[in-house]
Visitor: 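The structure follows.
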Amino acid sequence: MKQLLKTGGKLALICAVAATALALINMVTAPRIEYNREQRLLQALEEVSGGFEIGEEQEVEHRVITHAHRLFDEAGEPAGIILRMRSDGYGGEMQLIAGYRLDGSLITARLLDNEETPGLGKEAEEAQYMEKFEGKGSSDEPVPVRKDQLPEDQADAVTGSTITFSGIAEGLAAGAEYVRQQEGDES
Amino acid sequence: MNREFTKGIIDDNPIFVLLLGLCPALGVSGLVVNALGMGAGVIFVMLGSNICVSLLKNFIPPKVRIPSYIVIIASFVTIVQMVMEAFAPDLYDNLGVFVPLIVVNCAILGRAEAFASKNTLKNSVLDALGMGIGFTLGLTLIALVREILGAGTITLVSIGAFDGVISIPGLIEAPARIFSLPAGALLAIGFLKAFFNWKSQSKRGEA
């Protein structure tokens, strides 16, 4: 019994020292990590805004959409919406950010936090990946959600990362539908 | 040169001779820069864990030595992860899930159990550095083969006007894509292992 306590006590001591060291380092790195994340989000917002003025952040209750920012043109009239979404990829949840015009067509989008495979699904982080979706999403031009809806050269580019592609496409399609519904309700 | 240091680099290379740590060797050897980043992480964790295990070898009760080693290794890995995410976010994004996987890199636990727990602090430090550098060299070699053949580029750290990517003419237009896929990692490791076996046999005059 005494031996057991001694052994357990030593292990607990090692754990306690390790936890303390980690807590101290976390105090240094956590603010910096948070800052990096905010910077990345701000940069992404700017990139998908299509040059419009970005409105305040609103929380959204929706299956895939988490936040929305309204977009305004120079005259202060509504010009579009930026949506932040989460979707499922090959390596778990992916964070997407996408700018839409009022008719639901996509200005452009970016893939943010994700755990996709480097070299395959990760390629979706590149800005040019989203070109195949740009301008799509209005009621007469839907977002391509299957590979066979893409022109051949673009379909080849997503080969090897079909699940990433589906995750992004379904997120973007849900976003476009949401934008069309919102605008439909208001007009 | 000290034998404890040099053995890890060639004779007992963790990847090609001991065949330890193959999971990251397969996973993050797609780009040279990732291999170097992963190698730096492994050297740091192995150094930290070998030092701690060597210092604590008389304190850690034999019955719970493996859990103790894991706690020590996991702490160092978490430190690497937090520091990398804060100060090298691009590298962190690229390495992704493979950083936490350093915990289960058998090369590190293997060295803690087989070497640091039985040897002096000085030898453990030399062992960690040698094994860490041997691992990094092995990983970088695989990454070079895979990236040159699979993508036709060599990606290094970008400094100033140099964007860090060297393109190989001829291969960049028509790369052998298989080498950037997981199967290519197995192929590259297999051929490199065969090459090193052949080398060591011919050294002994058997070939």
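Order of the sequence lines sets the chain letters (A, B, ...), proteins ahead of strands, with each chain counted from 1.
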Visitor: Name the region of Asn114(A), side chain, backbone, both or neither, that has any atom closer than 4.5 Å to a heavy atom of chain B.
Guide: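 Looking at Asn114(A), nothing touches chain B.
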Visitor: Looking at Leu22(A), Asn36(A), Thr7(A), which makes the most heavy-atom pairs under 4.5 Å with chain B?
Guide: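 Heavy-atom pair counts peak at Leu22(A).
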Visitor: Does CZ in Phe115(B) sit with more than 12 non-hydrogen atoms of other residues, nucleotides or ligands closer than 6.0 Å?
Guide: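 Enclosed.
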Visitor: Indicate yes or no: at least one non-hydrogen side-chain atom of Ser87(A) is less than 4.5 angstrom from one of Val64(A).
Guide: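 Heavy-atom side-chain distance check fails, nothing below 4.5 Å.
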Visitor: For Ala21(A), is it the side chain, the backbone, both, or neither that has a heavy atom closer than 4.5 Å to a heavy atom of chain B?
Guide: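 Contact with chain B is absent: no heavy atom of Ala21(A) under 4.5 Å.
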Visitor: Between Arg40(A) and Glu47(A), does any side-chain N to carboxylate O distance fall below 4.0 Å?
Guide: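 Glu47(A) and Arg40(A): not salt-bridged.
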Visitor: In terms of side-chain geometry, is the basic nitrogen of Lys122(B) or Glu4(B) positioned less than 4.0 Å from the acidic oxygen of its partner?
Guide: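 The answer is no: the pair does not qualify as a salt bridge.
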Visitor: Examine whether an atom of Phe59(B) lies under 4.5 Å from a heavy atom of chain A, and if so say whether it belongs to the side chain, the backbone or both; otherwise answer neither.
Guide: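 For Phe59(B), backbone and side chain are both near chain A.
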Visitor: For Ile72(B), which atoms come within 4.5 Å of any heavy atom of chain A: side chain, backbone, both, or neither?
Guide: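 Side chain only.
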Visitor: Under a 4.5 Å cutoff for heavy-atom pairs, which residue among Lys6(A), Lys10(A), Glu34(A), Glu125(A) has the most contacts with chain B?
Guide: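 Between Lys6(A), Lys10(A), Glu34(A), Glu125(A), the count favours Lys10(A).
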Visitor: Is it true that, when you exclude Phe87(B) itself, more than 12 heavy atoms of the residues, nucleotides or ligands shown sit nearer than 6.0 Å to its CZ?
Guide: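 Atom CZ in Phe87(B) is packed in, count exceeds 12.
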